[in-house]
Student: 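Shown below is the structure under consideration.
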Amino acid sequence: MESQAAPGGGFTSVVSRRSRRKRRAGGEEPAAGAAMDTAEARPSKRPAFPPVAAEALGVGKGELRKIPVPANRYTPLKENWMKIFTPITCQETKDLSALTKAADFVKAFILGFQVEDALALIRLDDLFLESFEVTDVKPLKGDHLSRAIGRIAGKGGKTKFTIENVTRTRIVLADAKIHILGSFQNIKMARTAICNLIL
């Protein structure tokens, strides 16, 4: 806090920091002694920086990603290895997001999606993966949890296929975990439908 002597004598007025900030933001002249004279006005626009090349960041040959593979996915990984390996390594690119897209593609396959569905993650930019558990929506145990998973799947998988077709997503039910692949809005619709079935 800052105090100023009053011209009349006995009393001093106290100016708090908050009121000084308000005066500065409002365009009023700040209190005497706190005034700063600046010759230049500050630029109101943000600077426009050019995009940085991959070589400048040091991205390239030395970068790699590790994706853990559970034991139950070894056999499908071996059977589909060429379908997974070929799209990732067939072309050299300078795109910085290529490694992330490749990692998401392999992760989607490991989670249980078909190779063709997971391949869309590489080819399209606006596809995402979302995973959650049934117990995140509602804390269920035992038979109640099994019934909730059964309601999501439906008889012969009909409910799951209906949600997939209406929302244009792909859904994988892995025990109590649910994985959804699709665009942001479609994932939101599918998640809402699944949560309504759980509740």
Side-chain angles (χ1 to χ4, degrees), residues 51 54 57 59 63-91 93-199:
L57 291 175
V59 177
E63 199 168 340
L64 68 115
R65 301 278 168 92
K66 291 184 180 180
I67 299 164
V69 180
N72 66 319
R73 295 299 291 171
Y74 282 153
T75 305
L77 185 65
K78 288 177 185 176
E79 291 172 355
N80 296 299
W81 180 249
M82 288 311 291
K83 291 181 185 176
I84 295 169
F85 181 75
T86 307
I88 295 174
T89 59
C90 67
Q91 58 190 1
T93 180
K94 303 235 182 226
D95 187 13
L96 295 175
S97 64
L99 184 63
T100 305
K101 285 182 179 182
D104 288 343
F105 161 61
V106 175
K107 184 180 176 187
F109 178 77
I110 297 301
L111 289 176
F113 292 99
Q114 298 293 320
V115 178
E116 294 78 18
D117 296 334
L119 195 58
L121 281 167
I122 291 180
R123 296 195 175 133
L124 301 172
D125 287 334
D126 62 337
L127 288 184
F128 304 99
L129 267 174
E130 182 171 332
S131 299
F132 64 94
E133 292 191 30
V134 175
T135 54
D136 293 343
V137 179
K138 188 176 183 181
L140 300 171
K141 293 178 184 175
D143 290 341
H144 299 292
L145 179 62
S146 300
R147 278 196 294 274
I149 295 168
R151 282 195 301 271
I152 296 167
K155 188 174 183 179
K158 284 184 180 179
T159 306
K160 184 185 88 136
F161 291 135
T162 303
I163 294 171
E164 285 180 344
N165 291 333
V166 169
T167 60
R168 299 181 67 190
T169 57
R170 290 289 174 253
I171 300 170
V172 170
L173 293 172
D175 195 28
K177 289 188 179 178
I178 300 165
H179 310 290
I180 306 172
L181 170 70
S183 67
F184 183 77
Q185 290 294 328
N186 295 345
I187 286 176
K188 188 177 177 184
M189 286 190 297
R191 189 179 60 227
T192 304
I194 290 169
C195 289
N196 288 339
L197 286 171
I198 293 169
L199 298 173

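Position 1 is the first residue of the sequence, and the numbers go up from there.
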Student: Return the CG to NZ distance between Asn165 and Lys158, rounded to the nearest 0.5 Å.
Tutor: 13.0 Å

Student: Looking only at heavy atoms, which two atoms of Val69 and Arg73 are closest? And how far apart?
Tutor: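 Closest approach of Val69 to Arg73: CG1-CB, 4.0 Å.
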
Student: Cut-off 3.5 Å, no hydrogens considered: what does the side-chain donor-acceptor table look like for residues 101-110, sequence neighbours left out?
Tutor:
from: Lys101; atom 1: NZ; to: Asp125; atom 2: OD1; distance (Å): 2.5

Student: Are any of the side-chain heavy atoms of Thr100 and Arg65 separated by less than 4.5 Å?
Tutor: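 The answer is yes; the side chains approach within 4.5 Å.
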
Student: Would one find more than 12 heavy atoms of other residues, nucleotides or ligands at under 6.0 Å from atom CD of Gln114?
Tutor: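 For Gln114, atom CD is not crowded (no more than 12 foreign heavy atoms under 6.0 Å).
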
Student: Decide yes or no for Phe113 and Leu129: does some side-chain heavy atom of the first lie under 4.5 Å from some side-chain heavy atom of the second?
Tutor: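 Counting from C-beta outward, Phe113 and Leu129 do come under 4.5 Å.
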
Student: Rounded to the nearest 0.5 Å, what separation is found between the CZ atom of Phe85 and the CE atom of Met82?
Tutor: 6.5 Å

Student: Is any side-chain heavy atom of Ile194 closer than 4.5 Å to one of Ile171?
Tutor: yes

Student: In Å and rounded to the nearest 0.5 Å, what is the OG1 to CG distance from Thr86 to Asn80?
Tutor: 11.0 Å

Student: If I compare all heavy atoms of Thr169 with all of Ile180, which pair ends up nearest, and what's the gap?
Tutor: CB-CG2, 4.0 Å

Student: The criterion is side-chain hydrogen bond (donor to acceptor under 3.5 Å, both in side chains); which residues satisfy it with Thr192, sequence neighbours excluded?
Tutor: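 Thr192 satisfies side-chain hydrogen bond (donor to acceptor under 3.5 Å, both in side chains) with no other residue.
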
Student: Begin with the C-alpha distance, continue with both residues' side-chain angles, and end with the deciding distance and a verdict on side chain to side chain contact (heavy atoms under 4.5 Å, CB included) for Leu173 and Ile178.
Tutor: CA-CA 5 Å; Leu173 293 172; Ile178 300 165; 3.7 Å; yes

Student: For residues Ser183 and Asn186, report the shortest heavy-atom separation together with the two atoms involved.
Tutor: OG-ND2, 3.0 Å

Student: Of Lys177, Arg191, His179, which is the lone residue that meets side-chain contact (heavy atoms from CB on, under 4.5 Å) with Phe132?
Tutor: Arg191

Student: Please list, chain by chain and in numerical order, all residues satisfying side-chain hydrogen bond (donor to acceptor under 3.5 Å, both in side chains) with Thr159, sequence neighbours excluded.
Tutor: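 Expected list: none.
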
Student: Would you be so kind as to tabulate the donor-acceptor pairs closer than 3.5 Å made by side chains of residues 142-153, with sequence neighbours excluded?
Tutor:
from: His144; atom 1: ND1; to: Arg147; atom 2: NH2; distance (Å): 2.8
from: Ser146; atom 1: OG; to: Gly142; atom 2: O; distance (Å): 3.3
from: Arg151; atom 1: NE; to: Leu197; atom 2: O; distance (Å): 2.9
from: Arg151; atom 1: NH2; to: Leu197; atom 2: O; distance (Å): 3.4
from: Arg151; atom 1: NH2; to: Ile198; atom 2: O; distance (Å): 3.1

Student: Applying side-chain hydrogen bond (donor to acceptor under 3.5 Å, both in side chains), can you list everything that pairs with Gln185, at least two apart in sequence or on another chain?
Tutor: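 For Gln185 there are no side-chain hydrogen bond (donor to acceptor under 3.5 Å, both in side chains) partners, ignoring immediate neighbours.
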
Student: Please report the shortest heavy-atom distance between Gly182 and Ile187, naming the atom on each side.
Tutor: O-CD1, 3.3 Å

Student: Considering residues at least two apart in sequence or located in another chain, which fulfil the side-chain hydrogen bond (donor to acceptor under 3.5 Å, both in side chains) criterion with Lys160?
Tutor: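 Testing Lys160 for side-chain hydrogen bond (donor to acceptor under 3.5 Å, both in side chains), a comparison that skips the adjacent residues, returns none.
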
Student: Just wondering, are more than 12 heavy atoms of other shown residues or ligands nearer than 6.0 Å to CZ in Arg168?
Tutor: no

Student: State, to 0.1 Å, how close Phe184 and Phe128 come at their nearest heavy-atom pair, and which atoms those are.
Tutor: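 Answer, listing the atom of Phe184 first, then Phe128: N-CD1, 4.0 Å.
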
Student: For the atom pair CG (Leu99) and CD1 (Ile88), what is the distance rounded to the nearest 0.5 Å?
Tutor: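 Those atoms lie 9.5 Å apart.
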
Student: Going from OH on Tyr74 to CD on Glu79, what distance comes out if it is rounded to the nearest 0.5 angstrom?
Tutor: 15.0 Å

